[in-house]
Amino acid sequence: MNLKPIWFFALLFFANSLLAQVSKDELFNTIEKTAGVYFAYPQNEIKPKTPIPIGYKPFYISHLGRHGSRYLISDDEYKGIIDLFEIAYKKNVLTVLGKDILSRLLLLWKEVEKNGGNLSPVGIREQKGIADRMYKSYPEVFVDRSNITACATTVSRCVMSMNYFTEQLKVNNSNLSIALYSGEKWQQFLNHHTEKAISYRSATNTWKPDYKEFEKKHVNSDRIIKTIFTNYDLLETNISANAIMWSLYNIAGGMQNVETKISFYDLFTKDELFDLWQCKNYKTYVNDANCALNGGIMMENAKPLLRNIIDSAQKVIDKKIVGADFRFAHDGNIIPLAMLLHLDGCYNSISDPENFYKVWSDFKVAPMSGNIQMILFRSEKNNDILVKFLYNENEILVPPVKSDLLPYYHWNDVLQYYRSLL
């Protein structure tokens, strides 16, 4: 086999890590990325794939996907700020801009009311698109005899994501038989969190004191409050100015996930958005990822899921069948899995909060509909199995595992490495 084409593509796509450090310029060029885990699925960033090595054919896909774009987690995240602005309007303390913000919020409310936490139409389109591209990229996996399963956490947006994803596969081949599951049996490995992880997150003396100092340094609401209210003190509210800024920031970031075509980004300077995002990124990095401050304990959350993934893949290999396993969960599940898999750029560990964003970025690791795919290929000549990893449909490396066919790995090498971690 002539390996030069494979290495050429490997060098082309991996000269820079897919999930390498982020810069202010990247965020400022795509301001929606400052929404962090509310960043809508980056379909426009999908790159061409490396050719499949000669003599190999795809036969199995293992997939973990975050649910699609959703509304903010609760109606209260919208209604609370609307109520505040309406009180300010009655007290006549809104500026012209403040009144304009209220009109935008009321327009948005028409769509989002009673939809808190639900999958949005944007999320539906994301899931259908991922499924459609997968089917067209690997049609050999989706034949009539394929053994296909799908499971989701018990949260409705995950179940709905699973339903729309699998329905799209059936649009391409109506003869597919797909077994769908959701319940505590699947929840226990899809959404596992150790007692140690839960205790660390909730404790008052672990990460929270340092985070509060970081937020105090990076969040200043004085400017934005003065542009919205003529006299903020007259509101006589127990909602802090910073809380108002945070609410508007969350709504601004969430607009890319809904159908209403208005924006709130004009309320902020780019540096304000960058600092607010840094705070959100800090929280997620410490609470779900491999931040040095948590001692690596979050990797344990993904071990039941990794065990299910490799065991399911090995069963398909041993039975010499064709199939796929699809799993649908949350950002708090894809983040620890990515670092336990040691996907490039997903397991960096540092302790300096000012540099967190330089080594780990939430919008890259867990955007809406974020997904990790393992595509397995069977040799037509011998028993060799190759595997390729995709993150958000882009090829990604596993640096601790060596290979002569990057970005493809020999399955036995991958299996041995992951079993050593378990």
Side-chain angles (χ1 to χ4, degrees), residues 17-22 33-42 62-70 73 126 152-153 155 157-158 161 187 189-194 196-198 200-202 206-207 211 253 277-309 327-351 353 356-374 389-394 396-399 418 421:
S17 169
L18 179 68
L19 302 177
Q21 75 177 53
V22 70
K33 291 182 176 180
T34 61
V37 296
Y38 276 90
F39 182 44
Y41 190 66
S62 181
H63 167 279
L64 173 74
R66 185 189 180 196
H67 58 75
S69 282
R70 61 165 172 79
I73 201 66
E126 289 169 349
T153 70
V155 179
R157 58 183 171 271
C158 293
S161 293
Q187 183 91 348
F189 65 83
L190 283 174
N191 195 18
H192 175 72
H193 299 270
T194 67
K196 193 172 183 179
I198 295 170
Y200 177 87
R201 293 174 186 141
S202 61
T206 50
W207 65 279
Y211 169 76
W277 169 73
Q278 275 198 84
C279 293
K280 293 296 286 276
N281 191 62
Y282 182 137
K283 280 186 177 181
T284 310
Y285 184 48
V286 170
N287 283 286
D288 288 307
N290 198 30
C291 178
L293 299 179
N294 66 36
I297 62 174
M298 302 305 166
M299 280 199 189
E300 297 295 320
N301 294 338
K303 286 189 174 179
L305 180 54
L306 177 56
R307 188 172 291 109
N308 174 265
I309 287 171
R327 306 165 184 85
F328 297 85
H330 308 266
D331 56 339
N333 310 125
I334 195 171
I335 291 170
L337 178 65
M339 66 177 169
L340 182 57
L341 290 171
H342 284 72
L343 301 181
D344 197 12
C346 297
Y347 60 97
N348 299 325
S349 181
I350 65 169
S351 58
F356 284 170
Y357 79 92
K358 295 180 180 179
V359 302
W360 194 90
S361 301
D362 54 1
F363 66 84
K364 292 191 175 186
V365 181
M368 294 295 184
S369 287
N371 57 90
I372 298 171
Q373 301 175 23
M374 292 195 325
F389 294 83
L390 301 181
Y391 208 137
N392 301 331
E393 299 178 77
N394 282 310
I396 191 166
L397 300 181
V398 183
Y418 289 150
L421 297 181

Short side-chain to backbone donor-acceptor contact, H342 and M339, under 3.5 Å:
yes
Roughly how far apart are T34 OG1 and N281 CG, rounded to 0.5 Å?
11.5 Å
Close side-chain approach of L64 and L305, heavy atoms under 4.5 Å:
yes
Working for side-chain contact (heavy atoms from CB on, under 4.5 Å), residues M368 and H67:
CA-CA 7 Å; M368 294 295 184; H67 58 75; 4.0 Å; yes
Taking it one step at a time, do N308 and R327 satisfy side chain to side chain donor-acceptor pair (under 3.5 Å)?
CA-CA 10 Å; N308 174 265; R327 306 165 184 85; 2.9 Å; yes
Are L341 and V398 close enough that some pair of their side-chain heavy atoms sits under 4.5 Å apart?
no
Below 4.5 Å, heavy atoms only, C-beta onward: do M299 and N290 meet side chain to side chain?
yes
Donor-acceptor pair, T284 side chain versus K280 backbone, under 3.5 Å?
yes
Check step by step if side chain to side chain donor-acceptor pair (under 3.5 Å) holds for R70 and Y38.
CA-CA 8 Å; R70 61 165 172 79; Y38 276 90; 2.6 Å; yes
Worked verdict on T194 versus H192 for side-chain contact (heavy atoms from CB on, under 4.5 Å):
CA-CA 7 Å; T194 67; H192 175 72; 3.7 Å; yes
Hey, does P367 have a side-chain heavy atom less than 4.5 Å from the side chain of N392?
yes
Would you give the length of the straight line joining atom CD1 of I309 to atom CZ of F189, rounded to the nearest 0.5 angstrom?
9.0 Å
What distance separates N294 CG from S351 OG, expressed to the nearest 0.5 Å?
11.5 Å
Quick check: W277 with F363 (ring centres under 6.0 Å apart)?
yes
Determine, stepwise, if the pair E393 / Y41 fulfils side-chain contact (heavy atoms from CB on, under 4.5 Å).
CA-CA 11 Å; E393 299 178 77; Y41 190 66; 2.7 Å; yes
Tell me, do I335 and W360 make a side-chain contact under 4.5 Å, heavy atoms counted?
yes
Exercise: identify the closest heavy-atom pair between F39 and P42:
CE2-CB, 3.8 Å
Is there a donor in the side chain of S69 and an acceptor in the side chain of E126, or the other way round, less than 3.5 Å apart?
yes
Verify side-chain contact (heavy atoms from CB on, under 4.5 Å) between D344 and Y391, making sure each step is shown before the conclusion.
CA-CA 10 Å; D344 197 12; Y391 208 137; over 6 Å; no
Please report the shortest heavy-atom distance between G68 and S161, naming the atom on each side.
N-OG, 3.1 Å
Taking the six-membered ring for Trp, are the ring centroids of H63 and F328 within less than 6.0 Å of each other?
yes
How long is the straight-line distance from CG of N287 back to CE of M298, given to the nearest 0.5 Å?
6.0 Å
Please enumerate all residues that pass side-chain contact (heavy atoms from CB on, under 4.5 Å) together with N333, with sequence neighbours excluded.
N191, H193, A329, H330
Under a 4.0 Å N-O cut-off, is there an ion pair linking K283 with D288?
no
Do W207 and V286 come within less than 4.5 Å of each other through their side chains, counting heavy atoms only?
yes
Contact between F356 and C291 at the side-chain level, heavy atoms closer than 4.5 Å - yes or no?
yes
Quick check against the 3.5 Å criterion: does D331 have a side-chain atom that pairs as donor or acceptor with the backbone of V37?
no
Can you find a pair of side-chain heavy atoms, one from N371 and one from R66, that are under 4.5 Å apart?
no
If you compare all heavy atoms of I297 against all heavy atoms of A197, which two are closest, and at what distance to 0.1 Å?
CD1-CA, 4.1 Å
To the nearest 0.5 Å, atom CZ of F389 lies from atom OG of S62 at 9.0 Å
To the closest 0.5 Å, what do you measure between CD1 (I396) and CD (Q373)?
12.0 Å
